[in-house]
Amino acid sequence: MATDILDKERQGWFQRLLAWREQHVSERTFVLFLAFIVGLFCAVAAFALHGIINQIGMLLTSSFNEKTANWLYLVYPVVGIYLTSLFVKYIVKDNISHGITRILYAISSKRSRLRAHNCWSSVIASAITIGFGGSVGAEAPIVLTGSAIGSNLGKLFKLDNKTLMLLVGCGAAGAIAGIFKAPIAGLVFTLEVLMIDLTMASLLPILISCVTATCFTYIFRGSTSLFTFHLDAQWMVDRVPANVLLGITCGLISLYFIRVMTVCEDMFARFKDKPYVKLAIGGVMLSLLIFLFPSLFGEGYHDINLLLNGATEADWNGIMHNSLFSGHDNMLILYVLLVVLAKVIATSATNGGGGCGGTFAPSLFVGCFGGFLFARLWNYYQIGVYVPEKNFALLGMAGVMSGVMHAPLTGIFLIAEITGGYALLLPLMIVSVCSYLTIIIFEPHSIYGMRLARQGKLITHHTDHAVLTLMSLDSVIEHEYTSISPDMELGKIVHKISRSRNSFLPVLDAGGNMVGEIDITKIRNVVFRIELYHHFKARQLMTQPEATLRDSMPMTEVMKVFDSTHADWLPVLDSDGHFKGYISRQRMYGMYRKMVADMSED
């Protein structure tokens, strides 16, 4: 009783707060305040996640001998995946994988509503996975966390769907800005990857979130960044052919990344109901790969920094420490090539086996190693003018990220900001654009959007398509209908017509399956002839609909069916063929026009 009274008092206090806010604080000002709060929480989440990962990694590997292979690499990743799967199964009790894809799905289908546990569950799960050596990135989990914080703050204060979408974008932008201390990249990432349209109403909140997250990250972690880079040599026009070829190469590497990831995901999906089989397969694959190539342990940022800051062969050979290749300096090229090929498999094995992490960091890792390999081979075979290998390692990071994420601007600004490599801005543009132009020949959607694109649930910057994606089929179905049986006589049909609100009567069998329909306008010649009421039955008067719709069809397909049939009403069936209701062309287009008008407002 006391608890119930306390809950009512709290609800009353919160309702008074909401009422005060609506009276004294404008919607726009309040959104700006929430953007600041979202940015602060994103910085805190990013700081906590990287702190936990670093502590676990130091605890597990501090005693390793750099000059020899370490058998514990066979054990740690499996333990991490197992602990993560237990955490997800028994504590979270929900699927938290594919963080950025889940955000896109929430925007497309859930009106930007993310579950409350996403504010913390991905942080803990990914910290366990990566800390124990899982070959994935922490960025996607933090982006999901930031977006969930924005979504749940919006729900808490009962904001509309359009504002919720903006706060989700603020969370994603703040997360990227906080992790990398890159506010411009955070803004561009939200526009390119999450497809949040840039308007005057959305620009300022997203910028506030980015700047806030970046500033608090500097307070928490100081001026150090994830990567350090010092320009080896100034860029020259003579290197344009090498930059273009590197961009094309990065596009092909991105294609390999996406295709292998998809194949591995499909393989693990076959064991969806067998978690221990997935753990065994993923754990064995990951452990063996990390044992052979320790560079695959965790996010791999340590080895990225080795390649970006190396000045001598001894520096670059440091990436082979702890491996069977250690001491064999002549095998550096082979080692780098194998790591590039194995990283994608290791990432897939981590997530497929039950771990939690994203592909953001793996794309940076593969790009860095791929760019270094390209430059080493270019110089070895003296294809053209000498190219600095550390510079090309940096350019490769932007190239593969641009290709995998289909986000060239994000790749350009992120790499420029996190490394201070603005002197390479032009070659960054060349490589990123060439990579993007190469990948879109083979893959029209990013690694995040391709799953939703197959289902017709992906938001794009095309307003018409975005509106159709956001429209819910259920919201336009007329669920109130008057059905008749095939053997119903005309007299009873006339009685049903008097109660019907539309001009169609579905004819359903005993199982609820549609066998036809009666168009009232087509039976006027017999409706008023009482002497025929016992001579005609529904099966004699019904006709087949011009087309039928499935409740799983995307709205783009629904529109195409209406356009091709010129029908005013079409029936909707579920996956089992049972009748659900009718869709009116007039109602559907009315809702469509309203949503287009709403999205066009700044």
With distance as the sole test, does [X] use its side chain to make a donor-acceptor pair with the main-chain N or O of [Y] at under 3.5 Å?
X	Y	answer
Ser209	Cys170	yes
Thr350	Ser135	yes
Thr129	Gly355	no
Asn391	Val387	no
Asn118	Leu114	no
Glu417	Ala185	yes

Tell me the closest heavy-atom pair linking [X] and [Y], and the distance in Å.
X	Y	answer
Thr347	Gly358	CG2-O, 4.4 Å
Leu74	Ser287	O-OG, 2.9 Å
Gly186	Cys210	C-SG, 3.9 Å
Ala398	Gly411	CB-O, 3.6 Å
Met320	Ser326	O-CB, 3.4 Å
Ala342	Leu296	CB-CD1, 4.0 Å

Problem set entry | Test side-chain contact (heavy atoms from CB on, under 4.5 Å) applied to Phe189 and Val143, step by step | CA-CA 11 Å; Phe189 171 84; Val143 171; 4.1 Å; yes
Student check: side-chain heavy atoms of [X] and [Y] closer than 4.5 Å:
X	Y	answer
Tyr381	Leu377	yes
Thr438	Thr249	no
Pro388	Arg239	yes
His50	Ile52	no
Phe257	Ile447	yes
Phe372	Leu332	yes
Tyr256	Val340	no
Pro408	Glu192	yes

Exercise. How about Phe180 and Phe360: are their ring centres within less than 6.0 Å of each other?
Worked result: yes
Problem set entry | Between Trp378 and Phe392, ring centroids under 6.0 Å | no
Exercise. For Phe293, does the CZ atom have more than 12 heavy-atom neighbours from other residues, nucleotides or ligands under 6.0 Å away?
Worked result: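 Counting other residues, nucleotides and ligands, CZ of Phe293 exceeds 12 neighbours.
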Exercise. Can you tell me if CZ on Arg221 sees more than 12 non-hydrogen neighbours from other groups inside 6.0 Å?
Worked result: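 Yes, CZ of Arg221 has more than 12 neighbouring heavy atoms, counting only those of other groups under 6.0 Å.
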Between [atom1] on residue [X] and [atom2] on residue [Y], distance to nearest 0.5 Å:
X	Y	atom1	atom2	result
Ile290	Phe297	CD1	CZ	6.5 Å
Leu338	Met331	CG	CE	8.0 Å
Ile412	Leu428	CD1	CG	7.0 Å
Ser446	Met405	OG	CE	7.5 Å
Leu341	Leu289	CG	CG	11.0 Å
His302	His321	NE2	NE2	9.5 Å

For this session: Indicate whether the side chain of Tyr335 and that of Ser295 have a donor and an acceptor atom separated by less than 3.5 Å.
Result: yes
For this session: Would you please classify the geometry between the His406 ring and the Tyr436 ring as parallel, tilted or perpendicular, with 30° and 60° separating the classes?
Result: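 Correct class here is perpendicular.
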Exercise. Do the charged groups of Glu557 and Arg550 touch, with an N to O distance under 4.0 Å?
Worked result: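 Salt bridge flag = no for Arg550 with Glu557.
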Seminar exercise, completed: side chain to side chain contact (heavy atoms under 4.5 Å, CB included) test vs Leu395 passes for just one of Pro427, Cys250, Ser435, namely Pro427
For this session: Might you work through the side-chain contact (heavy atoms from CB on, under 4.5 Å) test for Leu83 and Phe132, ending with a clear yes or no?
Result: CA-CA 10 Å; Leu83 292 176; Phe132 277 83; 4.0 Å; yes
Exercise. Yes or no on side-chain contact (heavy atoms from CB on, under 4.5 Å) for Glu139 and Glu299, after CA distance, side-chain angles and deciding distance?
Worked result: CA-CA 10 Å; Glu139 291 75 22; Glu299 295 171 293; 3.8 Å; yes
Exercise. Do the numbers put Lys343 on top of the ring of Phe365, so that NZ or CZ is under 6.0 Å from the six-membered ring centre and no more than 45° off the axis?
Worked result: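 Lys343 over Phe365 ring: yes.
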Problem set entry | Residue pair Leu307, Ile304: steps toward the side-chain contact (heavy atoms from CB on, under 4.5 Å) verdict | CA-CA 5 Å; Leu307 293 182; Ile304 289 178; over 6 Å; no
